[in-house]
Amino acid sequence: MWRYGVGAVAALLLALGGFLIFQGAPQGGSKLASAPFPLGNASAAESDLPDAAPEADAKTREQKRFDRYDKDRDDAINRDEYFAARRKAFAKLDANGDGRLSFEEWAVKAIDRFTGADADRSGVLSRAEFSTTAPKRRPVARCACEKATPSADAAAKASEDEDK
């Protein structure tokens with residue numbers, strides 16, 4: 001029971017503290033100090049900057065996909081352009097070249113994966129064999145940023161501190 005009392009007292013103290021902080025805040029708001037001027041020749045640093053900011057490609061994902069299909073760049077996708085990629089995929093699957101896909105030709109990847117995983121050739125996958133069929137995950141691309149090096153100002157300040 002005493003825990004409830006301690007909790008109530010703590011809540012009242014927090015409310016009182018918040019009220020006092022709110023009453024003590026300046027009414028007009030605080031103005032931030034302006035940024036200090038950079039040391040050295042500012043005009044030399046500004047001359048290295050380009051006149052305009054670089055712009056990103058305005059094409060959307062769908063526009064890029066459309067351009068991949070539109071091989072003759074006439075802003076229209078005809079039947080042959082649309083099915084060209086599918087014909088290539090079909091030709092890869094049509095192992096005997098008869099223009100027709102049997103179930104085995106269509107499922108060749110799954111069949112190859114099953115037979116590759118069935119190490120003891122029993123026709124049945126054990127738990128260990130089945131675990132080898134899991135898809136391989138591509139590693140997430142990490143930032144290839146260089147490690148930050150201390151700036152010349154920080155190095156100069158550090159050397160001054162060492163001299164003292």
Side-chain angles (χ1 to χ4, degrees), residues 1-15 17-18 21-22 32 35 38 44-159 161-162:
M1 185 73 177
W2 62 272
R3 291 180 185 168
Y4 293 115
V6 171
V9 170
L12 287 174
L13 287 175
L14 282 173
I21 289 174
F22 180 72
L32 296 175
E46 290 176 4
S47 65
D48 295 341
L49 298 176
D51 293 335
E55 294 183 18
D57 188 12
K59 289 185 176 182
T60 64
R61 178 179 287 172
E62 201 58 31
Q63 289 170 331
K64 290 177 184 177
R65 189 172 80 90
F66 183 90
D67 289 343
R68 280 195 304 270
Y69 277 87
D70 187 19
K71 298 295 183 189
D72 57 4
R73 302 289 183 239
D74 62 350
D75 285 332
I77 299 173
N78 61 28
R79 185 182 203 78
D80 292 333
E81 289 173 332
Y82 186 76
F83 289 112
R86 287 160 178 81
R87 282 191 185 102
K88 289 177 186 176
F90 182 88
K92 285 182 183 178
L93 293 176
D94 188 17
N96 59 7
D98 64 352
R100 300 172 75 184
L101 282 181
S102 65
F103 178 77
E104 288 77 19
E105 287 175 328
W106 177 76
V108 69
K109 286 186 179 180
I111 293 170
D112 289 344
R113 180 176 282 171
F114 183 88
T115 55
D118 189 16
D120 60 0
R121 305 289 182 239
S122 64
V124 178
L125 295 180
S126 67
R127 285 187 182 272
E129 291 172 336
F130 180 75
S131 67
T132 64
T133 64
K136 305 295 186 262
R137 302 273 184 209
R138 292 183 185 173
V140 177
R142 299 286 181 192
C143 178
C145 303
E146 296 178 18
K147 291 185 178 180
T149 58
S151 66
D153 294 336
K157 186 174 181 178
S159 65
D161 291 341
E162 289 176 6

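Annotation: Arg73, atom CZ; neighbour count of heavy atoms from other residues, nucleotides and ligands within 6.0 Å is above 12. At most 12 heavy atoms of other shown residues, nucleotides or ligands fall within 6.0 angstrom of atom CZ in Phe130. Residue Arg100 qualifies as open at atom CZ: its count of foreign heavy atoms under 6.0 Å is 12 or below.
Counting only residues at least two apart or in different chains, salt bridge (Lys or Arg N to Asp or Glu O under 4.0 Å) contacts with residues 61-72 comprise Lys59-Asp67, Glu62-Arg65.
Rounding to the nearest 0.5 angstrom, the gap separating the OH atom in Tyr69 from the CG atom in Asn78 is 13.0 Å. With rounding to the nearest 0.5 angstrom, the CD atom of Glu105 is 7.5 Å from the CZ atom of Phe90. Residue Thr133 holds its OG1 atom at 10.0 Å from CZ of Phe114, rounded to the nearest 0.5 Å.
For the pair Arg79 and Phe83, the cation-pi criterion (under 6.0 Å, within 45° of the ring axis) is not fulfilled.
Across every non-hydrogen atom of Val124 and Asp120, the tightest pair is O-OD1, 4.3 Å. Closest approach of Asp112 to Thr115, counting heavy atoms only: O-OG1, 3.1 Å. Of all heavy-atom pairs between Thr132 and Ala117, the closest is OG1-CB, 3.5 Å.
Under the side chain to side chain contact (heavy atoms under 4.5 Å, CB included) criterion, Ala119 pairs with Glu129, sequence neighbours left out.
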